Amino acid sequence: MKKHLSNKEIADILFEMSALYEMEGTPWKPAAYETAAHAVMALSDDAYDLFRKGGEKALDGIDGIGKAIAEHLMEIFTTGHFKEYERMKKKMPVHILELTSIEGVGPKTVRALWQKLKIKNRRDLLRAAKAGKLARIPHFGKKSQEKILKGIEFREKSGGRFILGDILPEARGLLEAVRHFPETERAEVAGSVRRFKETIGDIDILAVSKNPRKTMERFVKLPAVAHVYGTGATKTNVRLKSGIDADFRVVPVNSWGAALNYFTGSKEHNIALREIAIKKGWKLNEYGLFKGKKQIAGETEEDLYKAFGLDYIPPELREMTGEIGMAREGKLPALIKQGDLKGDLQVQTSWTDGNASIEKMAEAAEAAGLSYIAITDHTRALAMTGGLDEKGLARQGKEIDALNMKRKQTGKKLVLLKGAEVNIGKDGSLDIEDETLAKLDIVGAAIHSHFGLPRAEQTARVIRAMENPHVDIIFHLTARRINRREPIDVNIDEIIAAAKRTKTILEIDAYPNRLDIKDEYIKKCAEAGVRMSIDSDAHAPEHFLALLFGIGQARRGFAEEKHIVNTLPVAQFLKTIKPLKS
Ligand code: DGT
Ligand code: CA
Ligand code: CA
Ligand code: ZN
């Protein structure tokens with residue numbers, strides 16, 4: 001192992017450690033390593049640099065990294081070894097993260113696959129599943145075998161695209177590095193990352209430089225760069241250590257706006273703009289907007305849109321879903337912005353499958369700038385998470401009351417609301433009695449099983465849950481996991497009509513591999529006047545950061561502040577939400 005690992009490489013090792021400990025059934029450590037991995041992913045600085053400048057103290061000081069793990073990081077940075085990791089990997093020499101990225105494969109399965117069938121990676125697993133060998137594994141039936149086959153197929157179909165949540169920290173890290181080069185005059189991330197698309201093919205970065213050649217030299221030497229495909233005075237293509245490719249371009253200052261616009265895309269949006277130019281007898285390319293030889297716009301994106309007689313179109317809307325017509329008529333929505341959320345309506349704690357206490361989650365949410373959160377642990381039917389029954393919810397309610405009192409007395413602002421993530425059964429029934437639901441501040445209902453029901457049955461199932469007068473929100477409606485599990489099949493127009501009739505909120509789950517409901521459905525909800533919420537679905541204190549992706553997705557869905565209920569302050573929110581259903 002090298003001493004100087006990138007944040008992504010460190011995080012991967014920590015994720016592997018978490019899985020390895022889980023295989024061994026070690027208590028606590030899996031959660032601690034997972035939290036630490038997320039913490040490293042969320043860092044804006046290189047962990048190695050932090051260590052070089054601030055020693056072990058700087059590592060220990062990172063939120064989410066405890067003393068023991070800080071010592072292990074120091075071991076890597078000073079010796080190039082992580083003895084405990086190496087010992088465990090020797091016993092289990094398999095591609096853990098590649099295998100666990102398949103739906104239906106957890107750490108315990110990875111261990112059984114290795115011990116019984118010597119399966120090391122996805123290819124081995126595919127071969128074994130096709131040959132029907134998985135049935136040899138304890139507790140494995142035909143059904144699990146089929147599920148794994150489906151998971152692998154789905155994974156391969158997604159064609160190597162990366163989840164935005166896994167990429168954004170790295171893209172922003174690269175951007176920061178480029179901005180710090182002394183020759184850089186300006187720099188920006190372009191492409192699908194700037195449009196906040198849910199999956200990313202490659203990262204595109206643009207810069208203006210006083211010395212393009214020098215800038216390129218510095219870029220290829222960045223620690224995140226693993227391989228250089230090609231480099232020239234204006235364009236460099238590399239593969240990053242995380243496995244994604246990046247395109248880096250240096251453009252002339254007069255062309256900045258035109259280049260940023262061109263390389264932000266989408267391609268379809270670009271083509272539409274170019275057609276407007278042609279109709280007017282102009283020419284648009286990545287160097288500018290030209291009338292004959294004369295550049296008439298393109299120094300900034302703003303002047304470019306203005307020259308076309310269009311309002312400025314935010315990157316998230318540039319997908320040819322009506323944005324150009326709206327910009328022409330001055331009818332673009334005033335999109336919800338980062339920072340507009342005041343509450344979070346879906347938070348899990350160590351009462352079920354979250355990894356932190358209610359109090360810890362409250363602290364983290366307050367630090368993230370929120371002023372209320374609903375505690376929505378899982379319910380009875382999700383026995384594997386320790387789902388709460390009526391008595392459990394009552395006990396939790398008492399703890400929340402006590403915590404709110406204590407927080408108030410100590411001058412803490414954030415308010416805790418009582419809630420639950422109630423499970424929707426196969427027939428649309430709920431696993432908690434109405435009497436208990438009536439006592440909660442907020443009830444979310446969600447699907448966690450029977451993903452394969454036919455459309456009519458699946459749609460009726462969700463609608464039945466919405467018809468329960470206590471259900472305020474449907475959490476992650478389609479239950480998809482991006483790159484992992486297909487969404488359930490529902491008739492979205494019927495669901496939206498029912499949400500409007502029953503005054504049920506539809507959630508935008510901000511967790512980066514859910515983003516559920518997706519942009520297209522958000523737009524339909526906004527048009528139909530169905531209210532939405534943006535929730536983190538946090539299972540750990542650092543997960544509140546995910547709200548960023550929910551807001552990005554909401555913007556892609558043309559949503560404004562008024563469409564999202566948890567932009568309201570808590571008193572107004574509570575006053576609004578209950579009468580909705582009565
Ligand atoms: P990705 O990387 O697949 O997630 O998606 P993008 O949108 O980042 O696409 P990428 O990286 O291939 O190209 C970046 C932008 O460059 C793209 O959004 C629009 C522009 N672009 C690329 N190829 C073409 C093209 O053939 N025609 C036009 N008009 N624009 C293009
Ligand atoms: Ca791209
Ligand atoms: Ca590209
Ligand atoms: Zn959960």
Side-chain angles (χ1 to χ4, degrees), residues 2-12 40-53 77 160-197 199-265 285-288 298-301 315:
K2 289 166 304 175
K3 289 182 191 171
H4 184 174
L5 299 182
S6 70
N7 288 357
K8 165 79 179 154
E9 289 169 314
I10 297 166
D12 280 352
V40 172
M41 289 282 281
L43 285 178
S44 51
D45 299 303
D46 215 30
Y48 182 78
D49 286 344
L50 288 177
F51 169 70
R52 245 188 14 208
K53 286 178 203 147
F77 294 153
R161 292 187 66 83
F162 292 74
I163 288 174
L164 176 64
D166 294 338
I167 290 310
L168 193 65
E170 191 171 32
R172 289 188 169 169
L174 275 178
L175 178 64
E176 274 317 297
V178 170
R179 283 183 175 162
H180 275 102
F181 297 165
E183 302 80 15
T184 304
E185 294 188 331
R186 61 178 85 155
E188 202 58 74
V189 174
S192 48
V193 174
R194 186 164 180 239
R195 303 198 313 278
F196 260 82
K197 212 173 139 139
T199 64
I200 304 299
D202 72 359
I203 297 174
D204 301 276
I205 297 181
L206 294 188
V208 173
S209 169
K210 287 191 210 115
N211 184 344
R213 201 164 288 279
K214 190 96 210 150
T215 296
M216 288 305 180
E217 272 169 33
R218 290 187 201 274
F219 186 82
V220 297
K221 282 194 206 128
L222 288 173
V225 172
H227 175 73
V228 181
Y229 296 114
T231 179
T234 60
K235 188 170 179 230
T236 289
N237 303 100
V238 299
R239 163 146 305 192
L240 302 177
K241 283 183 181 152
S242 63
I244 195 169
D245 291 346
D247 286 341
F248 178 53
R249 290 181 181 82
V250 174
V251 302
V253 67
N254 297 337
S255 302
W256 172 251
L260 184 59
N261 190 251
Y262 182 88
F263 292 110
T264 295
N285 57 30
E286 62 265 46
Y287 297 101
E299 276 188 42
T300 65
E301 280 198 312

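Note: hydrogens, waters and symmetry copies are ignored here, and every other heavy atom, side chains too, is used. Computed from a predicted model, the values in this text were never measured in an experiment.
- Closest heavy-atom contact between R249 and D247: NH1-CB, 3.7 Å.
- A donor-acceptor pair is defined here as one N or O able to donate and one able to accept, closer than 3.5 Å; such a pair exists between the side chain of K241 and the backbone of P223.
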Assess whether side-chain contact (heavy atoms from CB on, under 4.5 Å) is satisfied between M216 and F248, documenting all intermediate values. CA-CA 8 Å; M216 288 305 180; F248 178 53; 3.6 Å; yes

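- For A171 against I205, the heavy-atom pair with the smallest separation is O-CD1, 4.3 Å.
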Show your working on side-chain contact (heavy atoms from CB on, under 4.5 Å) between V193 and L168 and close with a plain yes or no. CA-CA 7 Å; V193 174; L168 193 65; 3.6 Å; yes

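- The closest side-chain heavy-atom distance from V220 to T236 is below 4.5 Å.
- The shortest non-hydrogen separation linking T264 to E301 is OG1-OE2, 4.5 Å.
- Of the possible donor and acceptor atoms, one in the side chain of T215 sits under 3.5 Å from a partner among the backbone N and O of N211.
- Residues G201 and I244 share a closest heavy-atom pair of O-CG1, 3.6 Å.
- For the pair D49 and K53, the salt-bridge criterion is not met [side-chain N within less than 4.0 Å of a carboxylate O].
- Of the residues R218, R213, K210, the one that meets the salt bridge (charged side-chain N to carboxylate O under 4.0 Å, His left out) test with E183 is R218.
- Ion pair E9/K2 flagged as a salt bridge, since at least one NZ, NE, NH1 or NH2 atom sits closer than 4.0 Å to an Asp/Glu carboxylate oxygen.
- Counting heavy atoms from C-beta outward, V250 and K235 have side chains that stay 4.5 Å or more apart.
- Seen from the ring of Y229, R239 does not count as a face-on cation partner, given the 6.0 Å and 45° thresholds.
- The CG atom of L222 lies 12.0 Å from the OG atom of S6; values are rounded to the nearest 0.5 Å.
- How far CG of L260 is from CZ of R186: 9.5 Å, rounded to the nearest 0.5 Å.
- Applying the 6.0 Å contact sphere to CZ of R179 captures more than 12 heavy atoms from other residues, nucleotides or ligands.
- For V238 against F219, the heavy-atom pair with the smallest separation is CG2-CE2, 4.0 Å.
- Inspection of the Y48 and N7 side chains reveals no N or O donor paired with an N or O acceptor under 3.5 Å.
- Counting only distance, with no hydrogens or angles, the side chain of R161 and the backbone of T199 share a donor-acceptor pair below 3.5 Å.
- Listed by first then second residue, pairs satisfying salt bridge (charged side-chain N to carboxylate O under 4.0 Å, His left out) with a partner in residues 165-174 number zero, not counting sequence neighbours.
- Within the model, atoms CD1 of I10 and CZ of F51 stand 11.0 Å from one another, a figure rounded to the nearest 0.5 Å.
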Before giving the answer on side-chain contact (heavy atoms from CB on, under 4.5 Å), spell out for W256 and E299 the whole-Å C-alpha distance, their side-chain angles and the decisive distance to 0.1 Å. CA-CA 5 Å; W256 172 251; E299 276 188 42; over 6 Å; no

Passes side-chain contact (heavy atoms from CB on, under 4.5 Å), L240 versus L174? Steps please. CA-CA 10 Å; L240 302 177; L174 275 178; 3.7 Å; yes

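- Between S192 atom OG and D202 atom CG the span is 7.0 Å, to the nearest 0.5 Å.
- For V189 against R194, the heavy-atom pair with the smallest separation is O-CD, 3.0 Å.
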